[in-house]
Amino acid sequence: MGTVIDLIATIVTVLSLLAAVGYGGYLLMISSVASKRPGASHLATDARKRLPAAGGLALGALVALLLTGGGIPLDVIALLVGGGVGLVATNQLQGARKRLAAPPR
């Protein structure tokens, strides 16, 4: 039973880490491209403002991944933290895509 919970917790936390790193990578890519284009400095600024949150999400996912090495109680905590980080990272990525893709007002 413990190995099944450990396997599920590991998969969830790895996926949340991928989501958090993907969000950070997307922001870095937008920031890099926007800084090279004239008139897109507002996009680069907005992407740079979101980078600390992306770093915090990646750190949270790493902590959750480290928690999977413990027993069943730590695996449950890792599931909760990893699932939460994954959901927040996914929602933030979708919000950033909508906000940064929209033309300036």
Side-chain angles (χ1 to χ4, degrees):
M1 180 70 174
T3 57
V4 173
I5 293 175
D6 185 43
L7 179 66
I8 293 170
T10 303
I11 290 171
V12 167
T13 56
V14 167
L15 290 176
S16 71
L17 182 62
L18 287 174
V21 169
Y23 174 50
Y26 176 76
L27 291 176
L28 287 173
M29 180 186 66
I30 290 293
S31 176
S32 173
V33 170
S35 65
K36 295 176 185 174
R37 295 191 62 163
S41 62
H42 67 283
L43 293 176
T45 303
D46 193 31
R48 275 189 228 110
K49 286 181 184 176
R50 293 172 179 257
L51 276 174
L57 288 172
L59 183 64
L62 280 174
V63 168
L65 188 60
L66 290 174
L67 286 175
T68 61
I72 293 177
L74 288 178
D75 286 339
V76 171
I77 293 171
L79 269 169
L80 294 173
V81 171
V85 166
L87 287 174
V88 170
T90 303
N91 287 337
Q92 289 294 317
L93 176 61
Q94 290 173 351
R97 287 183 60 213
K98 287 178 184 174
R99 183 170 179 191
L100 296 176
R105 295 178 192 182

Exercise: identify the closest heavy-atom pair between [X] and [Y]:
X: A64; Y: A78; result: O-CB, 3.3 Å
X: S32; Y: S35; result: O-OG, 2.9 Å
X: G24; Y: A54; result: CA-CB, 3.8 Å
X: S16; Y: G82; result: CB-O, 3.0 Å
X: A9; Y: D75; result: CB-O, 3.7 Å
X: A89; Y: L57; result: CA-CD1, 3.8 Å

Let me know which of V12, T13, L67 forms a side chain to side chain contact (heavy atoms under 4.5 Å, CB included) with L79.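 Only match with L79 under side chain to side chain contact (heavy atoms under 4.5 Å, CB included): V12.
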
Using the rule side chain to side chain contact (heavy atoms under 4.5 Å, CB included), only one of R50, Q92, R97 pairs with Y26; which is it?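 Of R50, Q92, R97, side chain to side chain contact (heavy atoms under 4.5 Å, CB included) with Y26 is met by R97 alone.
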
Hydrophobic clusters here meaning ILVMFWY residues chained together by side-chain heavy-atom distances under 4.5 Å, can you tell me if [X] and [Y] are in one?
X: V88; Y: I77; value: yes
X: L43; Y: M29; value: yes
X: I30; Y: L51; value: yes
X: V21; Y: L62; value: yes

Nearest 0.5 Å please: distance from the CG atom of L7 over to the OG1 atom of T3.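 Those atoms lie 7.5 Å apart.
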
Could you measure the distance from the OH atom of Y23 to the CG atom of L28? Nearest 0.5 Å is fine.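 So the gap between those two atoms works out to 11.0 Å.
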
Check for a donor-acceptor pair, side chain of T10 on one end and backbone N or O of D6 on the other, with a separation under 3.5 Å.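 Looks like yes, one N/O pair under 3.5 Å.
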
Find out whether I5 and I8 are in side-chain contact, i.e. whether some heavy atom of one side chain is under 4.5 Å from a heavy atom of the other.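 No, every pair of side-chain atoms sits at 4.5 Å or beyond.
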
Flag side-chain contact, heavy atom, 4.5 Å: V81 against V63: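 Not in contact.
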
